[in-house]
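Just below is one structure, and these are the notes that go with it.
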Amino acid sequence: MIIAETIMEVREQVRAWRAEGLTVGLVPTMGALHEGHASLVTAAASQCDRVVASVFVNPTQFGPGEDLESYPRDFEHDCQVLEAKGCDMVFHPEVAEMYPEGFATYVNLESEMTKQLCGKSRPSHFRGVCTVVSKLFNIVTPDRAYFGQKDAQQLAVIRQMVRDMSFGVEIVGCPIVREEDGLARSSRNTYLSAGERSAARVLYRSITAAREMIAASGVEVPADEVLSLMRRVVSEEPEANIDYIEAVDGVSLMPVERVKKGTLIALAVYIGKTRLIDNFTV
Ligand code: PAF
């Protein structure tokens, strides 16, 4: 596996692959890789001739007081995971390579979409995500790019950005990968103490309860009923503090009154100081 630290190295390698007629898949990550990321690389390797993964903790998507400094970093382990799953090149730039002095251009969706869900407590987050992902698309020029459905809002925002900016890349959303007890895999799970890890199961318990209610009803269910049930389940866990639990349209991300096919039910819950997200689409 090639390790590239500069934009130029990536461009030269991709150009050489293109000259051979090969297709290229991109898996953007911030490192601290887990089974969820591994599944993205596996999907990319099965659909593209060559796979590029980026490992870059992107400072512009962290707000003041968030965990930019403490975000887990283990590049050696990341490389082992990537290579084992069939990644051909990892792009691991320094911050100055991506944001050189004088950097001043950002990509921002002028849409209510980025103000919903996580956007309410992380107002500049999606501007940072769209900016770095645009740069990665321009650097790697992938045929396909792979993102996890755990970050459902990020996936919807990137799809909209790709449409709006006419990026020639197909966005592939990959299913959430869960631990045995249902907790969605996340790099931030490493922040949890043993007690918190056990408390964190409440997110999936609330999802399971909501799914059962929706399945039992067989028809459209008022969103209030589903969300109240989920809030009740989460509130039973003393370590848990709800940031949001919402039902929104899966494409526009605007709140809906009735839960039906295509509704995204998403939640963000603090377990101690760690903010965890999860979701499912009906
Ligand atoms: O999902 C992530 O890990 C990040 O938001 C991404 C897409 C790599 C951009 O930094």
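If you read the sequence from its start, that first residue is 1, and numbering goes on from there. Remember, it's 1-based here, ligands and their atoms both numbered in the order they're listed. It should be emphasised that the depicted structure is a prediction, and the values quoted were computed from it without experimental measurement.
Salt bridge present: Arg18 and Asp143 bring a charged side-chain N and a carboxylate O closer than 4.0 Å. Under 4.0 Å is where a charged nitrogen must lie from a carboxylate oxygen, and between Arg185 and Glu35 no such pair does. Salt bridge Asp278/Lys150: absent, no basic N to carboxylate O contact under 4.0 Å.
Every atom of ligand 1 is numbered from 1 in the order shown, and the set under 4.0 Å from a heavy atom of Thr29 is 8 (C). Atoms of ligand 1 lying under 4.0 Å from at least one heavy atom of Pro28, given by number and element, are 8 (C). Close contacts of ligand 1 with Val132, meaning ligand atoms under 4.0 Å from a residue heavy atom, involve 9 (C), 10 (O).
The six-membered or imidazole ring of Phe75 lies near that of His92, with a centre-to-centre distance under 6.0 Å.
In terms of protein heavy atoms, atom 7 (C) of ligand 1 is closest to Gln154 NE2, 3.5 Å. Among protein heavy atoms, the minimum distance from atom 9 (C) of ligand 1 is reached at Gln61 OE1, 3.3 Å.
Using cut-offs of 30° and 60° for the angle between ring planes, the His37 and His34 rings count as tilted.
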